[in-house]
Amino acid sequence: MRRPWLMFTGLALMAAMAGALAQPAETEATPEQMLAQIEASNTARLQLGRELAASGQPRKLYAAWLLAPMSLDLARGKTSYSPEADTWLMRAIHTGSEDPVIAAAAVTRCIRVDECNVEQARVTLATADAEDAGSQLLLMRLAEHRKDPIEAERAWQRVAKASRYRDPAATLIGVMDVATRDYPWPLADPAQAAEWERHNSGSYLEQERTVTLFGIAAMHFPADLKQASKACPGTISDAAKREPCRQLFNVMANSSSLLLADYGASRMAELEQGPAQAPWLARKRELQWITTEATAILGDETSKAAKVSPAEYARWLAEQGELPAMRRLLAVYGVPVAPPVDWQSVAAP
């Protein structure tokens, strides 16, 4: 049985998560049973969200909103949350916009649904979180959304001076993990849980909880790469813009997020020439090695005795970041974190 609870790598691998909790082939559910299971799971998650929201704490309110099931608005072709869940996010924003994590959620909502009473959130990101490149790219998006070129340029100048890049996966999973770890995870289908545990090692509820957190985090991964690509297109002919872009890519390359680090290293390798390019090519190769080896461990369908539980890995990722968690995983399995000299990747990083 695959363990996609560990696979945030590049986000694409999360597409396999639906299979993690599937029944064995001989007891495969009918479409009607699958729909009933989804509805039961959604109802249970909504109830858990209500319990979290009852605390009134901003991060628990935010986690409650993240956990709430989404519905498809066929008329607009968009997904949306229920009015009840949306109220949880608004309460989190109203009481917690001094927290950069909540502030970022507020600004993202403003851009998404054009409800923009987010001045406290904007100030928080521009001041208390000025050193974070991702937050400044988000404010750049906000200024462009408001058609405010002056504020967009100010945000870009802060991007050029930023010294760090917060790991989005670690942040989102951390918020939900901390909020829910003291609450019993809802069991929507006891029969399915019993069947799963007969065929797999570990706890069904632990597996389901972690798969859910990773899947939600993948859905809410911010549009940072799109904004970075827009600000720094493939060919940067303007020398004055090249240096800010180099600083941004350098910070991205040193993020604990695999996706951001790989993008930053790739862009730095494009910008540099000669001897200055070599360290970035080596960095890309190292990231490809980590991805390949972690995928091999986590995709092993023959191993029944996993050395790392879903909850443990989620905790590593939330507290240390995605890449440190992957390196720690390799160490547990006795795999070196740097590629052998003669190693060749199957595909280009």
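All values reported here derive from a predicted model rather than from experimental measurement. Computation of the quantities below employed the complete heavy-atom set of this structure, encompassing side-chain atoms and omitting hydrogens, waters and symmetry-equivalent molecules.
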Which atom of [X] lies closest to which atom of [Y], heavy atoms considered:
X: Ala228; Y: Leu248; result: CB-CD2, 4.1 Å
X: Ala325; Y: Tyr313; result: O-CE1, 3.7 Å
X: Ser255; Y: Leu260; result: OG-CD1, 3.9 Å
X: Ala106; Y: Val118; result: O-CG1, 3.6 Å
X: Pro336; Y: Leu330; result: O-CD1, 4.0 Å
X: Leu329; Y: Ala294; result: CD2-CB, 4.4 Å

Does a donor on one side chain sit under 3.5 Å from an acceptor on the other, for [X] and [Y]?
X: Ser229; Y: Tyr263; result: yes
X: Glu206; Y: Thr210; result: no
X: Ser163; Y: Glu131; result: yes

A side-chain contact here means heavy atoms from C-beta on lying under 4.5 Å apart; do [X] and [Y] qualify?
X: Pro324; Y: Trp316; result: no
X: Pro340; Y: Trp289; result: yes
X: Trp343; Y: Gln288; result: yes
X: Arg50; Y: Leu46; result: yes
X: Val178; Y: Arg59; result: no
X: Ser257; Y: Met252; result: no
X: Arg158; Y: Met140; result: no

So, does [X] use its side chain to make a donor-acceptor pair with the main chain of [Y] at under 3.5 Å?
X: Gln136; Y: Leu125; value: yes
X: Ser82; Y: Ala85; value: yes
X: Arg45; Y: Leu67; value: yes
X: Thr124; Y: Ser97; value: yes
X: Asp129; Y: Asp132; value: no

*side-chain hydrogen bond (donor to acceptor under 3.5 Å, both in side chains) between Gln247 and Glu243: does it pass, once the steps are laid out?*
CA-CA 6 Å; Gln247 170 64 15; Glu243 282 308 310; over 6 Å; no
Hydrophobic clustering (ILVMFWY, side-chain heavy atoms < 4.5 Å, transitive) - are [Y] and [X] grouped together?
X: Tyr183; Y: Ile216; result: yes
X: Leu317; Y: Val308; result: yes
X: Met70; Y: Leu89; result: yes
X: Tyr333; Y: Leu287; result: yes
X: Leu139; Y: Ile93; result: no

Atom pair [atom1]/[atom2] of [X] and [Y] - distance to nearest 0.5 Å:
X: Leu142; Y: Thr108; atom1: CG; atom2: OG1; value: 9.5 Å
X: Arg141; Y: Arg146; atom1: CZ; atom2: CZ; value: 13.0 Å
X: Thr292; Y: Arg285; atom1: OG1; atom2: CZ; value: 11.0 Å
X: Thr43; Y: Leu48; atom1: OG1; atom2: CG; value: 12.5 Å
X: Met176; Y: Phe214; atom1: CE; atom2: CZ; value: 9.0 Å
X: Arg112; Y: Cys110; atom1: CZ; atom2: SG; value: 10.5 Å

*Would the number of heavy atoms belonging to other residues, nucleotides or ligands and lying under 6.0 Å from NE2 of His94 be above 12?*
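Counting neighbours around NE2 of His94, 12 or fewer heavy atoms of other residues, nucleotides or ligands fall under 6.0 Å, so no.
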*Any chance CG of Asn117 has more than 12 other-residue heavy atoms, nucleotides or ligands included, within less than 6.0 Å?*
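Check fails, neighbour count at 12 or below.
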*Give the C-alpha distance, both sets of side-chain angles, the deciding distance and a yes or no for side-chain contact (heavy atoms from CB on, under 4.5 Å) between Ser256 and Gln320.*
CA-CA 8 Å; Ser256 64; Gln320 301 169 24; over 6 Å; no
*Going through the distances and angles, do Lys60 and Ser55 end up as a side-chain contact (heavy atoms from CB on, under 4.5 Å)?*
CA-CA 7 Å; Lys60 284 190 175 181; Ser55 73; 3.4 Å; yes
*Picking from Gln277, Arg246, Arg267, what satisfies side chain to side chain donor-acceptor pair (under 3.5 Å) with Glu272?*
Arg246
*Candidates Asn250, Asp224, Asn254 - the one meeting side chain to side chain donor-acceptor pair (under 3.5 Å) with Tyr165*: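 Running side chain to side chain donor-acceptor pair (under 3.5 Å) over Asn250, Asp224, Asn254 with Tyr165 returns exactly one hit, Asp224.
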*Hey, can you tell me if Trp65 and Tyr81 have their rings parallel, tilted or perpendicular (30° and 60° cut-offs)?*
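Trp65 and Tyr81: tilted rings.
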*Would Arg315 and Asp177 satisfy salt bridge (charged side-chain N to carboxylate O under 4.0 Å, His left out), going step by step from the backbone distance to the final call?*
CA-CA 8 Å; Arg315 197 72 44 84; Asp177 179 49; 2.8 Å; yes
*asked:* What verdict does the side-chain contact (heavy atoms from CB on, under 4.5 Å) test give for Val113 and Asp86, after you've listed the backbone C-alpha separation in whole Å, the side-chain angles of each residue and the deciding distance to 0.1 Å?
replied: CA-CA 11 Å; Val113 300; Asp86 225 29; over 6 Å; no
*Before giving the answer on salt bridge (charged side-chain N to carboxylate O under 4.0 Å, His left out), spell out for Arg327 and Glu286 the whole-Å C-alpha distance, their side-chain angles and the decisive distance to 0.1 Å.*
CA-CA 11 Å; Arg327 291 190 181 99; Glu286 175 194 2; 3.4 Å; yes
*Walk me through it: do Asp262 and Arg283 pass the test salt bridge (charged side-chain N to carboxylate O under 4.0 Å, His left out)?*
CA-CA 8 Å; Asp262 184 66; Arg283 171 73 164 153; over 6 Å; no
_CA sep, side-chain torsions, deciding dist, call: Leu52, Gln57, side-chain contact (heavy atoms from CB on, under 4.5 Å)_ = CA-CA 8 Å; Leu52 294 175; Gln57 300 172 26; over 6 Å; no
